[in-house]
Amino acid sequence: MADGRAHEARPLPGPRGTERSQARRAELLATGRTLFADTSYDALSMDDIARSAGVAKGLIYYYFTSKRGYYLAVIEDAVAELVLRATSCRELPRAERVRRTIDGYLRYAQQNQAAYRTVVTGGVGHDAQVLAIRDRVREQLLGVIAEGSWDCTRVPPLARAALVGWLSSVEGVTLDWLARGEELSPEVLCDLLTRTLQGTLEIIARFESTLPPGAGRREPLHAQPAAAAVRGSA
């Protein structure tokens with residue numbers, strides 16, 4: 001069955017399969033993000049995709065093998081942007097770095113709602129490959145948070161369990177925030193999630209003695225008070 005084949009993109013052809021090929025592939029991925037944001041996977045045919053992209057259907061097969069391969073590549077592309085936004089501030093002080101990670105995560109979800117929902121919920125019918133992508137993103141984000149909190153990416157099981165619980169709550173809160181029309185401003189939601197992370201780190205510090213000294217007790221992660229909590233409030 002064609003859609004069951006591996007979804008990795010084909011290697012770009014030879015020394016010439018370079019900037020032009022990469023640009024064309026990026027254009028196709030951008031088209032896919034728009035299409036899958038507005039239309040369900042099952043409702044889109046390869047003819048629809050080719051027509052929207054203004055290319056021959058064979059070109060999509062060339063780059064992505066199948067419609068499923070195209071769909072997964074679109075998700076991978078969206079995820080790469082999410083991780084980039086969440087991890088692009090490693091040079092900042094610890095507290096600001098963690099806050100910026102959370103802010104980048106929320107900004108991405110706000111600006112790419114369909115892609116975010118797909119990744120977090122597992123795609124069409126809780127697709128195993130989409131869930132695997134989601135799990136990989138979670139691991140990367142957990143590593144970023146752990147590095148910002150303790151200057152290390154590998155943490156004991158108890159600390160990992162607590163951080164997984166916090167990150168799962170972030171996903172649920174973010175989905176609800178989007179579904180309710182973003183009643184809270186991104187700044188206030190970021191502050192809320194940052195404060196709950198601070199609480200999680202403090203709890204971890206009470207139970208886990210193997211982490212570097214000061215874990216969960218350094219400068220507060222929340223640097224500014226929550227204000228104007230609800231949009232339109234005085």
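Every value quoted in this text rests on a predicted model; they were computed, and no experiment measured them.
Between the side chain of Arg134 and the main chain of Val119, no donor-acceptor pair closer than 3.5 Å is present. In this structure, Trp177 contributes its side chain and Leu184 its backbone to a donor-acceptor pair below 3.5 Å. In terms of modelled atom types and a separation under 3.5 Å, the side chain of Ser52 and the main chain of Ile49 share no donor-acceptor contact.
Applying the salt bridge (Lys or Arg N to Asp or Glu O under 4.0 Å) test to Arg180 and every residue at least two apart in sequence or in another chain returns Glu183. With sequence neighbours excluded, the residues that form a side-chain hydrogen bond (donor to acceptor under 3.5 Å, both in side chains) with Arg33 are Asp77, Glu81, Asn112. With sequence neighbours excluded, no residue satisfies side-chain hydrogen bond (donor to acceptor under 3.5 Å, both in side chains) with Thr31. In this structure Arg107 satisfies the salt bridge (Lys or Arg N to Asp or Glu O under 4.0 Å) test together with Asp103, Glu187, sequence neighbours excluded. Ala43 meets the side-chain contact (heavy atoms from CB on, under 4.5 Å) test with Thr39, Ser40; sequence neighbours excluded. Residues that satisfy the side-chain contact (heavy atoms from CB on, under 4.5 Å) test with Ala109, not counting sequence neighbours, are Tyr116, Thr174, Leu178. In terms of the side-chain hydrogen bond (donor to acceptor under 3.5 Å, both in side chains) criterion, residue partners of Thr210 (sequence neighbours excluded) are, by chain and number, Glu208. Considering only residues two or more places apart in sequence or on other chains, Glu139 meets the salt bridge (Lys or Arg N to Asp or Glu O under 4.0 Å) condition with Arg160. Residues forming a salt bridge (Lys or Arg N to Asp or Glu O under 4.0 Å) with Asp176 (at least two apart in sequence, or on another chain): none. Shown here are the side-chain hydrogen bond (donor to acceptor under 3.5 Å, both in side chains) partners of Asp48, two or more places apart in sequence or in another chain: Ser45, Arg51. In this structure, Tyr108 has no ring-ring contact (aromatic ring centres under 6.0 Å, His included) partners at least two apart in sequence or on a different chain.
Heavy-atom minimum distance, Gln110 versus Pro186: NE2-CG, 3.7 Å. Here the closest non-hydrogen pair linking Val155 and Cys152 is CG1-SG, 4.3 Å. Of all heavy-atom pairs between Ala56 and Ala50, the closest is C-CB, 4.2 Å. Between Leu197 and Trp166, the shortest heavy-atom contact is N-NE1, 3.4 Å. Summarising the geometry of Leu211 relative to Ala159, their closest heavy-atom pair is CD1-CB, 4.1 Å, with the distance given to 0.1 Å. What you find for Gly69 and Ser66 is that their closest heavy atoms are N-OG, 3.0 Å.
Between Leu28 and Tyr70 the shortest side-chain heavy-atom distance falls below 4.5 Å. Side-chain contact check for Ser21 versus Tyr63: some heavy-atom pair is nearer than 4.5 Å.
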| said: Applying side chain to side chain contact (heavy atoms under 4.5 Å, CB included) to Thr153 and Val144, what does each step give before you reach the verdict? | reply: CA-CA 7 Å; Thr153 56; Val144 171; over 6 Å; no

| query | Given the rule in the side-chain hydrogen bond (donor to acceptor under 3.5 Å, both in side chains) test, do Glu182 and Gln113 qualify, once you have shown the distances and angles that lead to the verdict? | reply | CA-CA 11 Å; Glu182 302 166 34; Gln113 297 188 21; 3.0 Å; yes

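Tyr41 and Phe36 have parallel rings, their planes meeting at less than 30° on a 0 to 90° scale where 60° marks the start of perpendicular.
Considering NZ of Lys57 and CE of Met46, their distance stands at 7.5 Å, rounded to 0.5 Å. Taking CG of Leu29 as the reference point, atom CD1 of Ile75 lies at 11.5 Å (rounded to 0.5 Å). Residue Glu27 holds its CD atom at 10.0 Å from CG of Leu59, rounded to the nearest 0.5 Å. For the atom pair Thr196 OG1 and Gln198 CD, the distance stands at 10.0 Å (nearest 0.5 Å). Note that CG of Leu158 and CG of Leu163 are 9.5 Å apart. Values are rounded to the nearest 0.5 Å. We find the CD-CG distance between Gln140 and Asp135 to be 11.5 Å, quoted to the nearest 0.5 Å.
Applying the salt bridge (charged side-chain N to carboxylate O under 4.0 Å, His left out) test to residues at least two apart or on different chains, the pairs with a partner in residues 161-171 are Arg138-Glu171.
Looking at Glu96 and Arg99, no side-chain N of the basic residue comes within less than 4.0 Å of a carboxylate O on the acidic one, giving no salt bridge.
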